[in-house]
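All chains are named by letter (A, B, ...) in the order of the sequence lines, taking the proteins before the strands, and each is independently numbered beginning at 1. Side chains are part of it too, since the values below use all heavy atoms of this structure and drop only hydrogens, waters and symmetry mates.
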Amino acid sequence: MSAKYEAILWNPQKRNYDLILWGLILLYFVLFSVFQAIFHPTFTPETLLIRGTGTLALLMLHIILVIGPLCRINAQFLPLLYNRRHLGVSMFLIAAVHGIFSILQFHLLGNVNPLISIFTSNGQYDSLAQFPFQVLGFFALIILFLMAVSSHDFWLKNLGPRFWKSMHMLVYIAYGLIISHVLLGVIQVEDSPVLITLLGVGMLTIIGLHIYAAILERRREQQLTKLDQEGFMWVGEVDDIAEDRAKVVFAAGENIAIFKSSGKFYAVNNVCKHQNGPLGEGKIVDGCITCPWHGYQYLPETGQAPPPFTEKVSTYTVKVIDQQVWVNPKPLPEDTRVEV
Amino acid sequence: MAYILFYLLLIYSLIGLLFGLAFVFKGVQKIDPGAEGTSWGFRLLILPGSIAFWPFLLTKWMRS
């Protein structure tokens with residue numbers, strides 16, 4: 001978090017994430033090139049680049065789309081989520097190389113402007129088998145471009161969270177366009193069923209994980225809650241919460257994160273003010289609750305971000321009786337200091 | 001139809017480019033104090049978005 005914007009807020013975790021990411025990207029290209037040299041030795045370097053970037057961008061998009069549900073199913077996947085925006089921007093850059101080289105290869109040498117040629121070179125819009133699939137890829141790339149250029153926190157603040165979030169949900173439209181782009185393209189140029197089979201597996205994985213994560217969340221929310229006479233909700237035993245970690249409970253329509261640190265308990269609203277990240281999946285670092293998504297921090301006693309930052313999350317009253325932790329689901333007024 | 005869309009997109013992008021350059025130099029700190037004194041890296045990073053979202057930013061800049 002920062003009072004003044006920076007191009008990228010680097011930290012060791014982000015550096016490692018990006019190093020591993022680009023190492024794997026490089027590895028993919030090496031393996032893809034070797035594979036193609038063996039099985040398709042007649043391919044030109046341009047074709048190799050177009051196919052390599054296309055398949056890699058598709059693979060990365062699948063990974064991006066499964067990270068969210070995987071983290072909701074099992075917290076061990078959270079490190080993947082931590083710098084997902086760099087993964088997204090990297091995926092866009094690779095998809096852009098695919099798009100640009102495809103336009104150069106297939107549309108540059110005619111007497112029509114290449115960008116117009118994408119839409120007019122093949123006019124069989126009424127044929128499924130011969131559909132101009134590049135048009136679908138073009139629109140998907142526009143969506144990915146808008147998402148990539150608006151990934152900085154500056155845009156979240158200045159476009160507004162609701163508009164920003166809605167725009168970034170367009171990734172599912174982009175995914176549909178890309179799947180159609182690949183399927184229709186493959187039908188026209190490939191005989192092998194391998195790619196179509198892989199696409200099917202990828203789609204089923206994404207849809208299945210989203211449904212499974214949604215079912216799990218619904219089950220958690222519907223779990224019967226134990227209330228005492230004062231309206232406090234039972235959270236669990238003292239030892240159920242690990243040191244500097246939290247347990248999240250759902251009450252009165254909100255997720256509440258109850259943290260334990262140095263023998264004290266604190267409860268805050270689970271939703272980070274930055275990008276609605278799950279605070280309860282983070283931990284207490286240097287005395288501050290730290291969001292696992294982008295490192296935004298809040299003081300556990302007051303829910304306030306440490307000065308000079310101004311973000312605040314609601315706090316709740318916690319009590320511990322006979323080693324049992326209880327929380328009052330009614331949020332306290334802002335700035336109320338709470339610790340038990 | 002493709003020609004009309006292409007030229008509309010071209011005009012939109014050219015206006016966006018001119019606006020974007022002015023915005024990242026002068027306008028960004030007017031609409032967001034957090035951008036005061038920021039680095040060239042940050043300004044370069046928001047340039048493509050400034051080109052893409054220029055009507056929205058222009059409205060915000062004029063209001064500020």
Side-chain angles (χ1 to χ4, degrees), chain A residues 1-10 85-86 89 92-93 96 103 107 110-123 125 132 134-135 138-139 141-160 162-164 166-168 170 274 308-311, chain B:
Chain A
M1 59 201 292
S2 173
K4 191 172 87 173
Y5 294 112
E6 288 181 33
I8 301 169
L9 283 167
W10 287 113
R85 71 169 82 183
H86 284 200
V89 173
F92 162 71
L93 292 174
I103 292 170
H107 298 281
N111 53 4
V112 178
N113 183 299
L115 285 177
I116 294 173
S117 173
I118 295 171
F119 295 90
T120 57
S121 61
N122 174 3
Y125 286 90
Q134 293 175 347
V135 173
F138 178 82
F139 283 119
L141 199 55
I142 296 281
I143 293 175
L144 297 180
F145 167 77
L146 292 175
M147 289 174 62
V149 300
S150 63
S151 64
H152 195 281
D153 280 349
F154 170 82
W155 295 109
L156 177 69
K157 183 181 173 193
N158 286 288
L159 292 176
R162 184 178 291 181
F163 178 78
W164 188 91
S166 304
M167 187 170 65
H168 282 245
L170 289 176
H274 175 223
F309 309 108
T310 54
E311 291 86 355
Chain B
M1 185 65 176
Y3 280 87
I4 294 170
L5 280 175
F6 171 75
Y7 285 112
L8 283 176
L9 188 66
L10 186 67
I11 291 166
Y12 182 91
S13 305
L14 286 175
I15 296 172
L17 180 62
L18 291 174
F19 170 84
L21 289 170
F23 179 76
V24 299
F25 279 112
K26 294 262 181 188
V28 62
Q29 52 266 43
K30 302 263 184 200
I31 70 158
D32 190 335
E36 191 78 52
T38 45
S39 67
W40 288 106
F42 166 73
R43 287 162 197 264
L44 194 66
L45 207 64
I46 64 164
L47 180 61
S50 306
I51 295 169
F53 301 112
W54 71 263
F56 179 84
L57 295 172
L58 179 63
T59 311
K60 231 178 155 180
W61 191 359
M62 286 172 77
R63 279 187 192 152
S64 72

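Applying the 6.0 Å contact sphere to OH of B:Y7 captures no more than 12 heavy atoms from other residues, nucleotides or ligands. Environment of CH2 in B:W40: sparse, with no more than 12 heavy atoms of neighbouring residues, nucleotides or ligands closer than 6.0 Å. Within 6.0 Å of atom NZ in A:K157, more than 12 heavy atoms from other residues, nucleotides or ligands are found, so the atom counts as buried in its surroundings. Summarising the local packing, OH of A:Y125 is surrounded by more than 12 heavy atoms from other residues, nucleotides or ligands at distances under 6.0 Å. Within a 6.0 Å radius of CD1 in B:I4, other residues, nucleotides and ligands contribute 12 heavy atoms or fewer.
Using a 30° and 60° split on the angle between ring planes, B:F56 and A:F163 fall in the parallel class, below 30°.
Contact annotation for residues 15-22 of chain B against chain A (heavy-atom separation below 4.5 Å): no residues qualify. Heavy-atom neighbours of chain A within the stretch residues 45-52 of chain B, taken at a separation under 4.5 angstrom, comprise B:L45, B:I46, B:P48, B:G49, B:S50, B:A52.
Scored by the side chain to side chain contact (heavy atoms under 4.5 Å, CB included) test, A:A96 finds A:F92 as partners (sequence neighbours excluded). For the side chain to side chain contact (heavy atoms under 4.5 Å, CB included) test, residues two or more places apart in sequence or in another chain that qualify with A:N158 are A:Y5, A:F154, B:I31, B:D32, B:K60.
Between A:F119 and B:M1, every side-chain heavy-atom pair lies at or beyond the 4.5 Å cut-off.
Here A:N113 contributes atom CG and B:F6 contributes atom CZ; the two are 3.5 Å apart, rounded to the nearest 0.5 Å. Atom-to-atom distance recorded for A:I116:CD1 and B:L9:CG is 10.5 Å, nearest 0.5 angstrom.
Contact annotation for B:L5: neither backbone nor side-chain heavy atoms come within less than 4.5 Å of a heavy atom of chain A. Only the side chain of A:M167 comes within less than 4.5 Å of a heavy atom in chain B; its backbone stays farther off.
Top candidate by heavy-atom pairs under 4.5 Å with chain B, chosen from A:T120, A:L115, A:L159, is A:L159.
Nearest heavy atom pair, residue A:A7 against residue B:G41, reads CB-C, 3.7 Å.
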